[in-house]
**Q** 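Below are the structure tokens for one structure; questions will follow.
Each ligand, and each atom within it, is numbered from 1 in the order the structure gives. In this text the structure is predicted, and so the values were computed from the model without any measurement.
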Amino acid sequence: MNSRRDQADSQLYSQQYARETLEHSSPYQRHTSGIRSSGVRENAMYSCLGQETHPMQPGEMICQFCGHLTAGAQLGIYQVQRLLGSGRGGHAYLAIHARSKQQVVLKLFPPDSMSTPLWEEARREARTAATLNHRSILPVFSCTHWQPNGQQAPGKPLHELITKYSARDQYLLTLCQYTHANLTQFIAYYEKREAQQALKARGISLRNHLVTLIQQIGSALSSAHAHHLVHGALLPGNILLDGRDRLWIADFGLARLHPPFEPYLAPELQDVVRRGAQIGHWQDFWRVVTPASDQYMLAQVCELLFTRLLSSEEYEKALPVVRNAAQALPERRFSSVDAFLHELLPQLRSTSGTAFPTGASNPMLSQSSKATSGSNPVHAPLATSASSHASYQRGSSPAQVRATTSDNCYLPSTLPGSAPSSSEIEQYQKMMNYDLAVSLPSSPVDEWEKKGDKLFTAHDYTGAVRAYRQALALDNYRSTLWLALGDAHFALEEYKEALSGYEKALQLNPNDAQAWSNRGTVLDVMGRRQEALECYERAEQLES
Ligand SMILES: Nc1ncnc2c1ncn2[C@@H]1O[C@H](COP(=O)(O)OP(=O)(O)OP(=O)(O)O)[C@@H](O)[C@H]1O
């Protein structure tokens, strides 16, 4: 069995996450009995999960008024808990796997004549993106057609609910891993002076953290581009975080079904989108997106992060580079996302400004705080900010920032559901408070963990158990330690203790494929075959 010590960095869930998971479990999670085969709760008030809930008829899965799923609806083996938000094409729901209680996200895209003809291509792209196995590309586990009033087959995996695509009321249904925050929530939290001060007190640099996040976005995009995949809508809601330093880009294939809104829409796509809105389909938009338009969106995301979270001294050297990536003419941008980041990151690292701007020192802060409370991140589109022309020069191509037209009024600049609610911000706030501590220099816990790993490698499993327990005495919310402890007990053939270690690890990090797989192995050894198979299934989903 592989202890996966080398994967320690990816085991990133926080102690707060574990608490939040319990605290935020909905009544549907706590009382899962009473689920009928029709997919909705028995003896319950039937209501939809929309912003304003409406009563619904027993057995109805989709609300006729707002198109949201019924509270507690069961789709195959997944039970829907709550609405996470709505995007350009559909709605995202938090759901749980009925047997393992694993949290997942179900996204439901209603039929819509502008994008439905592209669903097959979107499904293919989502599958291709998942096969890249890139650590910063969120894989879609399953992407099927689904009919609300068809046979729901509770207990079946989602892909077995697939129906032949023909009827008009077919929905597109996707399943992916649940993560704990998106970039909008991250920004909303770190704009707060207290959050920045808490980081400062720990000696953690928010700027360095942003570098880590941007690197991950760049790496995911580069890998996708190398495989002829373009994201097409790199919006903050599609950039997901685990609360520490892990980031995923979500919705490859799916995000591109609808054009992004300003300021993320690259100037070269505006005419196509305008025409698409007139003729009633997004097929041309689907075809004309390019790696250069992804680069443009990444530049917008960078500017959003810098202006909202850093002091101007911290990002002033980086800004011309960002503006070059957001040139109105794609041929004036960098040759690739890699080339962009190659120029950008040294400029960010070399700045000497304070790592933790306060409201007083950051001129953007008071303005952006207002934006946080109400709507999507609002910031000036790079290419339209004519007053801030870039002076960045790259190669022989002079930097030139062009004003773009901003008369794209057919797309909303803010979307319902995209702004974090105060409870989401609060949840994220608690989580992040702990999380960035991961950037701290090596601690006694790290030392004990390393010692445990060495002993494990030397086959001294009893010594390893002792070392891991020492580490856990200092920090028993670290999932990697519980996993390692489980491995050491397994090696000693102490299966009950091994199982308990894996279960603790999974409480803290339910998306750890290795912990699921190891739990399966120990259950197998204990003769609990059926439970073991469920664990393997979960591990495979997470690894696929
Ligand atoms: N896998 C996930 N884990 C956690 N939250 C998610 C996940 N996928 C989506 N969300 C959140 O659910 C909300 C709605 O997501 P959805 O994808 O429908 O729209 P969006 O990402 O905000 O915008 P768009 O789809 O238009 O690009 C967003 O806040 C998004 O961050």
**Q** Going by the atom numbers of ligand 1, which of them fall below 4.0 Å from some non-hydrogen atom of Asp251?
**A**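 Counting from 1, the qualifying ligand atoms are 17 (O).
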**Q** Check each heavy atom of Thr184 against ligand 1 and say whether those closer than 4.0 Å belong to the side chain, the backbone, both or neither.
**A**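 For Thr184, there is no contact with ligand 1 at all, from either part.
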**Q** Counting from 1, what ligand 1 atoms have a heavy atom of Lys107 closer than 4.0 Å?
**A**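 The list of qualifying atoms is 8 (N), 9 (C), 17 (O).
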**Q** Going by heavy atoms, is Cys176 under 4.0 Å from ligand 1?
**A** yes
**Q** Angle between ring planes, Tyr171 versus Trp146, binned at 30° and 60°: parallel, tilted or perpendicular?
**A**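 It falls in the perpendicular class, over 60°.
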**Q** For ligand 1, which atoms have a heavy atom of Asn182 less than 4.0 angstrom away?
**A**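 It comes down to these atoms of ligand 1: 28 (C), 29 (O), 30 (C), 31 (O).
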**Q** Is there a donor-acceptor contact under 3.5 Å linking the side chains of His134 and Gln216?
**A**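 Their side chains do not contain a donor-acceptor pair, so the 3.5 Å distance test is not met.
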**Q** Only heavy atoms of Arg88, strictly under 4.0 Å: list the atoms of ligand 1 that pass.
**A** 24 (P), 25 (O), 26 (O), 27 (O)
**Q** Please determine if Gln177 has a nitrogen or oxygen closer than 3.5 Å to a nitrogen or oxygen of ligand 1.
**A**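 Between Gln177 and ligand 1, an N or O pair is found under 3.5 Å apart.
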**Q** Which of the numbered atoms in ligand 1 are under 4.0 angstrom from any heavy atom belonging to Tyr178?
**A** 3 (N), 4 (C)
**Q** Just to verify, which of His228, His231, Arg256 counts as forming a side-chain hydrogen bond (donor to acceptor under 3.5 Å, both in side chains) with Glu125?
**A**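 Testing Glu125 for a side-chain hydrogen bond (donor to acceptor under 3.5 Å, both in side chains) against His228, His231, Arg256 leaves exactly one candidate, Arg256.
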**Q** Does Ala233 reach ligand 1, in the sense of a heavy atom lying below 4.0 Å from it?
**A**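 Judged by the 4.0 Å heavy-atom criterion, Ala233 does not count as contacting ligand 1.
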**Q** Do Phe109 and His258 make the cut of ring centroids closer than 6.0 angstrom?
**A**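 For Phe109 and His258, the ring centres are not under 6.0 Å apart.
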**Q** Exactly one of Gln102, Arg519, Arg99 should register a side-chain hydrogen bond (donor to acceptor under 3.5 Å, both in side chains) with Glu534. Which one does?
**A** Arg99
**Q** Near Leu138, which atoms of ligand 1 are under 4.0 Å from a heavy atom of that residue?
**A**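 The atoms of ligand 1 under 4.0 Å from a heavy atom of Leu138 are 1 (N).
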**Q** Quick one: sort the His68 and His91 rings into parallel, tilted or perpendicular, breaks at 30° and 60°.
**A**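 Aromatic pair His68/His91 classed tilted.
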**Q** State if Leu254 counts as touching ligand 1 under the rule of any non-hydrogen atom under 4.0 Å.
**A** no
**Q** Specify whether His97 and Tyr78 have parallel, tilted or perpendicular ring planes, treating 30° as the upper limit for parallel and 60° as the lower limit for perpendicular.
**A** perpendicular
**Q** For Gly90, counting its heavy atoms only, list the atoms of ligand 1 lying under 4.0 Å from any of them.
**A** 18 (O)
**Q** Regarding ligand 1, does Leu84 bring an N or O atom to under 3.5 Å of one of the ligand's N or O atoms?
**A** no
**Q** Specify side chain, backbone, both or neither for Leu240, according to which of its non-hydrogen atoms lie closer than 4.0 Å to ligand 1.
**A** side chain
**Q** List every atom of ligand 1 that sits less than 4.0 Å from any heavy atom of Asn238, numbering the atoms from 1 in the order shown and giving each element.
**A**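 Under 4.0 Å from Asn238, ligand 1 has these atoms: 21 (O), 27 (O).
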**Q** Looking only at distance, does His180 have an N or O less than 3.5 Å from an N or O of ligand 1?
**A**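 Between His180 and ligand 1 (N or O atoms, distance only) the closest approach is not under 3.5 Å.
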